[in-house]
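Only one structure is covered here, and it is reproduced in the block below.
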2 protein chains.
Amino acid sequence: MRAASAPRNARAHALDLIRQKIVTMELSPGSQISENELAGQIGLSRTPVRESLILLAEERLVVVVPQVGTLVSPIVESEIATSQFVRESLELAALAESVGRATPAQIMALNALTDAQRAADKRGDTEDFFALDEEFHAALMDISGHGSAWRTVGQAKAHLDRARRLSLTTTSQMGTLIEQHQAVVDALEAGRGEEATSSLRSHLRKVFDDITVIREQNPEYFAAPVTTGRRR
Amino acid sequence: MRAASAPRNARAHALDLIRQKIVTMELSPGSQISENELAGQIGLSRTPVRESLILLAEERLVVVVPQVGTLVSPIVESEIATSQFVRESLELAALAESVGRATPAQIMALNALTDAQRAADKRGDTEDFFALDEEFHAALMDISGHGSAWRTVGQAKAHLDRARRLSLTTTSQMGTLIEQHQAVVDALEAGRGEEATSSLRSHLRKVFDDITVIREQNPEYFAAPVTTGRRR
DNA sequence: TGCGGTCTACTTGTATGGTAGTGTGCATGA
DNA sequence: TCATGCACACTACCATACAAGTAGACCGCA
């Protein structure tokens, strides 16, 4: 979400703030946080902070242990795999329905986004790059007519993004990702559905595969495949 | 969710209760509810009830208007379409990955579920039928190894189920649904992936199409395709 | 009769106090 | 030295009080 522009109320503000801290790794996975402490930092009472944490727990970004504490979810491989599965399934299904539906204006908008990404790449602006990446995928999904399903993708994506942030220092691969975006747009414009979906699939897989590399480089943030003792 | 067995705490209890009231149409779409009133009924204070409503708002099952009130979400066609898209995409993608992975024990479990559904059909027990339906689809997804993505499907499914409940009086079609389940299991067991996915797709589509019929019969619960003035 | 302002009842939002449960560290004793 | 029990500090959970805002009823007036 690029636009956290409208602080509808204090809770929404707190929620955006805390989620950002988690996804950007400012709050590192596994670290303990407390309602009191966060409330103090943000300048609110415990109530809106607590409500935010409940929502974040629903997103699996934090784990609340009753009477014990709240901690930032460790990056669990199975969780990432699930997020990848959800994202990939929804984006590919949407793209398949988009073939032949995309208007010239929509294609233009996608091209504008890839251009903007190239500019961000040259500037080395990884933050903007990530924001544009988000916009691109959202716009792509919107063409299918299932834009409102982006909410679901966004939740899954949060887990992936958190892991990806660990590699944002290595900006060398941004060019590759942009060209993969472009390949999807070009195939979509030409009406080549198979090519579009296969391009998008390999793009999403590449992002996913990068994470496994990241894991080897930053094992401290990754948890063992714990079975949390919770029954399904 | 068949098992609301473990009342982990008061809020989880309230959440299950309220969600059930909504999905079973005990709280009709569009009707206004209040934190105080619900708290009184359940026998809790506003706090856990309020937290439950926040979560339900995130699921789009209720709409909270600040300082005005909370109302059960009307059944909006676009919302149902999105839910259908999410459910269909995830279940089909999972099934495609399940082909060749299903163990004999898993196939047996699926067959046991269809048998149980036939029994429920004979008894005319629609509640049990719905619960078994849920179990069946969850078990099917679990085989793919992406069982934890069922959470996501479950949220989408809640919207669909609510609309389906309107037709639970017409139990005549339960037999058809069961045989569609069986067709999926049989194809999966035989390793015929294409047949399995196409069977599941037509099954899910049938459920979806039923809803459009329901709409014509119960227009009062359906809202016009309102653009709620909310920017994406 | 119709219009306008005010007042009240009710809503959700936020702050705060008390409760129950958990983990930790320290003192005590073997 | 090590094990054990206990007190304490800390947590999230829930209840309650207060604040901010809205909608509608009601009354006065033109």
Side-chain angles (χ1 to χ4, degrees), chain A residues 4-19 21-22 27-74 223 226 228-230, chain B residues 4 6-19 21-22 27-74 226 228-230:
Chain A
S5 51
R8 307 169 288 277
N9 54 32
R11 171 166 56 83
H13 177 63
L15 179 59
D16 287 342
L17 223 60
I18 301 172
R19 184 192 281 116
K21 281 176 189 280
I22 294 175
L27 289 171
S28 60
S31 66
Q32 185 170 357
I33 56 189
S34 92
E35 296 175 359
N36 265 318
E37 192 180 346
L38 277 177
Q41 291 178 10
I42 301 177
L44 291 168
S45 78
R46 293 175 352 239
T47 304
V49 172
R50 171 180 165 78
E51 292 170 351
S52 298
L53 289 178
I54 290 173
L55 286 171
L56 291 172
E58 188 66 18
E59 292 183 36
R60 295 281 190 263
L61 284 176
V62 304
V63 177
V64 178
V65 184
Q67 324 298 353
V68 173
T70 303
L71 50 106
V72 180
S73 298
V226 281
T228 54
R230 184 73 56 86
Chain B
R8 308 169 286 277
N9 54 33
R11 170 166 55 84
H13 177 63
L15 179 60
D16 287 343
L17 224 60
I18 301 172
R19 185 191 281 116
K21 281 176 189 282
I22 294 175
L27 289 171
S28 61
S31 66
Q32 185 171 356
I33 55 187
S34 96
E35 297 175 358
N36 266 318
E37 190 179 346
L38 277 176
Q41 290 178 9
I42 302 178
L44 290 169
S45 79
R46 271 184 58 207
T47 304
V49 171
R50 170 180 168 76
E51 291 169 352
S52 299
L53 289 177
I54 290 173
L55 287 171
L56 291 172
E58 187 67 18
E59 291 184 37
R60 296 279 189 264
L61 285 176
V62 304
V63 177
V64 178
V65 184
Q67 325 297 355
V68 174
T70 302
L71 51 106
V72 181
S73 298
V226 281
T228 55
R230 184 72 58 85

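Throughout, a chain's letter reflects where its sequence line sits, starting with A, and its residues are numbered from 1. Computation of the quantities below employed the complete heavy-atom set of this structure, encompassing side-chain atoms and omitting hydrogens, waters and symmetry-equivalent molecules.
Regarding A:Gln67, its CD atom lies at a distance of 8 Å from the C1' atom of C:dT22, rounded to whole Å. Look at CZ on B:Arg46: it is 10 Å from C1' on C:dT14, rounded to the nearest Å. C:dG23 atom C1' lies 10 Å from atom CD of A:Gln32, rounded to whole Å. In this entry the distance linking CG of A:Leu71 with C1' of D:dT11 reads 12 Å, nearest Å. In this structure, the CG atom of A:Leu15 is 12 Å from the P atom of C:dT14, given to the nearest Å. The distance from atom CG of B:Asn36 to atom P of C:dC10 is 10 Å, rounded to the nearest whole Å. Between the CD atom of B:Glu35 and the P atom of D:dA15 there is a distance of 13 Å, rounded to whole Å. If you measure from atom CD of B:Glu51 to atom C1' of C:dT12, you get 14 Å, rounded to the nearest angstrom.
Across C:dA15, D:dA23, D:dC14, the shortest atom-to-atom separation from the side chain of B:Ala10 is found for D:dC14. The side chain of A:Val64 lies closest to D:dA12 when the candidates are D:dA12, D:dT16, C:dT11. Picking from D:dC14, C:dT14, D:dA23 the nucleotide with the shortest atom distance to the side chain of B:Arg50 gives C:dT14.
Contact detail for A:Ala14 and A:Ser52: the closest heavy-atom pair is CB-OG, 3.7 Å. For the pair B:Glu35 and B:Val49, the tightest heavy-atom approach, listed with the atom from each and the gap, is O-CG1, 3.9 Å.
Nucleotides of DNA chain C nearest to A:Gly43 and B:Ile33 differ in position, and the one nearer the 5' end is that of B:Ile33. Checking B:Thr47 against B:Glu37, the closest nucleotide of DNA chain C that is more toward the 5' end is the one next to B:Glu37.
Residue contacts shown for B:Arg11 are limited to sugar-phosphate atoms, with no base heavy atom under 4.0 Å away. At the heavy-atom level, A:Leu53 lies nowhere under 4.0 Å from the strands shown.
The main-chain N or O of A:Ser31 is never found under 3.5 Å from a side-chain atom of A:Ser28 such that the two would form a donor-acceptor pair.
Here the CD1-NE2 distance, from A:Ile18 to A:His13, works out to 9.5 Å after rounding to the nearest 0.5 Å.
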Applying side chain to side chain contact (heavy atoms under 4.5 Å, CB included), run through B:Leu55 and B:Arg11 and close with a yes or a no.
-> CA-CA 11 Å; B:Leu55 287 171; B:Arg11 170 166 55 84; 3.8 Å; yes
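Here B:Thr70 reaches the OP1 or OP2 of C:dT12: one of its side-chain N or O atoms lies under 4.0 Å away.
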